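Heads up, the thing below is written out as structure tokens.
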2 protein chains.
Amino acid sequence: MTLHATNDFFIPARTGFPAPAGRALASLQPISVYPAGSEIYAQGEKAGNLYQVEFGCVRVYRMLADGRRQISAFHLSGETFGFEAHPLHHFFAEAIGAVGVRTLLPAQGIDMSSQILPLALQGLVRAQEHLLVLGRQSAVERVAAFLLDMAERQGGLDRLELPMSRTDIADYLGLTIETVSRVFSKLKEKGAIRLISLRSIEIRKWQVLRGMME
Amino acid sequence: MTLHATNDFFIPARTGFPAPAGRALASLQPISVYPAGSEIYAQGEKAGNLYQVEFGCVRVYRMLADGRRQISAFHLSGETFGFEAHPLHHFFAEAIGAVGVRTLLPAQGIDMSSQILPLALQGLVRAQEHLLVLGRQSAVERVAAFLLDMAERQGGLDRLELPMSRTDIADYLGLTIETVSRVFSKLKEKGAIRLISLRSIEIRKWQVLRGMME
DNA sequence: CGTGGTGTTGATTACTTTCAAGATGTGTGG
DNA sequence: CCACACATCTTGAAAGTAATCAACACCACG
């Protein structure tokens, strides 16, 4: 699937998520809109650009030869992704739903390291914290951690939106969709959460979820 | 355990591992020697320094309240660690065996971002690749990936040294020591590896290990 | 030559996956 | 607006993998 982005499109950044930070980095760049499921970059492609999400959600992932997939991160409004240590991409990035992305071109001559470094470090800490979840936490703990993380990134309100499918959640948490579904049901039974719709959740007992993360 | 490093010690960087890269970053800094098991920094401490391993091996990890531990990375000679996005450390760093470390102090006024950024990105890619291992690979695959990674970082020779205990390996791979031990035995039976000693391994069938990573 | 720490091996248990079926939701065309 | 079809999600039963519990072997140290 090699859909291309509709370029040079102006879209007001209305997302329901917190306003993007650090926009000063490249305010002149236009926003590209990627349709649902389209590829932003692929493993093996030339890397170099950075991308800032304006609205929507992006998944960054890696694949094994047999089709197993691990999503290393979801990126919501205001977050920056596309960091690579080498000339070629090691990961895939795809739009979940329609996504508005500001491409930050590597300015020739100008060193933006000091602006980029904090963003890279943010990603590094996030990844390392996720290692703890994948390496040492049970299915329930993983889902609880995920919900709390998503809630926090959306402003810490009781109600949160899940822009991604169960499959995406499973591939992010290192579980199967069935297990994710079962855990959702269990949390629902316990009254910790309420499913307003499939992609919309209300957290009713923060303490229960927090207690599950230890 | 708050052992302190023996400072201002000159130790020739003889390690058996590849020579450190990027030493120009702070060639003036003295080497600190941390004794086996000592703490280099702890979660909650003020962050800001970077550390470059001169010899030995460092483990960086996180803990859950109930004692579960996830090692997010081992750092060998020449590698740099200590990156943090926030003013306080989110992780612990400890010496495995005796370790020589060059502390890179944050130079006031001078912006070293352009030198630090590639190192941070290296760590980011490493962490994200490890996510795939923890999230989607079986015990055997994890151990195989670990051995190949260690071998590669030590020059790609048939013989490799494991500076860390089985417990450390388990906590890095998200397994128990029993499972790690069993996988080692299984690989030994298959003739893929030979245990020269507990901490010294010969890889006899690279293809078998590689095949296990998919 | 004990002694404590580390590593190995075996038996059982527990959790997650896999396989399978059914339910719910969404989008399209009539 | 409804009906159908496909995709996504949920639930159940069986199977598999790694964890846990337990005993023993090995190694380093005094």
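Reminder, nothing fancy here: chain letters follow the sequence lines and each chain counts from 1. Since the structure is predicted, the reported quantities are computational estimates derived from the model, not experimental observations.
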Once you apply a heavy-atom cut-off of 4.0 Å, does [X] come out as touching a base, just sugar-phosphate, or nothing?
X        : value
A/Arg142 : nothing
B/Ser165 : sugar-phosphate
A/Ser197 : nothing

Rounded to whole Å, how long is the line connecting atom [atom1] of [X] with atom [atom2] of [N]?
X        : N      : atom1 : atom2 : answer
B/Arg166 : D/dC26 : CZ    : C1'   : 12 Å
A/Met212 : C/dC15 : CE    : P     : 13 Å
A/Lys186 : D/dG12 : NZ    : C1'   : 14 Å
B/Ile196 : C/dG7  : CD1   : P     : 17 Å
A/Ile177 : C/dG22 : CD1   : P     : 17 Å
A/Gln137 : D/dA19 : CD    : C1'   : 16 Å
A/Leu198 : C/dT26 : CG    : P     : 6 Å
B/Arg182 : C/dT8  : CZ    : P     : 11 Å

Return the 5'-most residue of the pair A/Ala139, A/Glu178 with respect to DNA chain C, ranking by each residue's nearest nucleotide.
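The residue closer to the strand's 5' end, by nearest nucleotide, is A/Ala139.
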Among D/dT10, C/dT8, C/dT16, the nucleotide that comes nearest once only the side chain of A/Thr179 is considered:
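The answer is C/dT16.
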Can you tell me which nucleotide in C/dG7, C/dT17, D/dT10 comes closest to the side chain of A/Leu175?
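So the side chain of A/Leu175 is nearest to C/dT17.
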Looking at B/Thr176, does any N or O in its side chain come under 4.0 Å of the phosphate oxygens OP1/OP2 on D/dA19?
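So the side chain of B/Thr176 is within the cut-off, an N or O lying under 4.0 Å from OP1 or OP2 of D/dA19.
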So, A/His89 and A/Glu84: side-chain donor and acceptor under 3.5 Å apart, yes or no?
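Distance-only check passes for A/His89 and A/Glu84.
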Is it the case that A/Gln128 and B/His90 place a side-chain donor and acceptor less than 3.5 Å from each other?
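Short answer, no.
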One thing to verify: whether [Y] and [X] come together as a salt bridge, which I'm taking to mean a side-chain N less than 4.0 angstrom from a carboxylate O.
X        : Y        : value
A/Asp149 : A/Arg126 : yes
A/Asp158 : A/Arg194 : no
A/Glu141 : B/Arg68  : yes

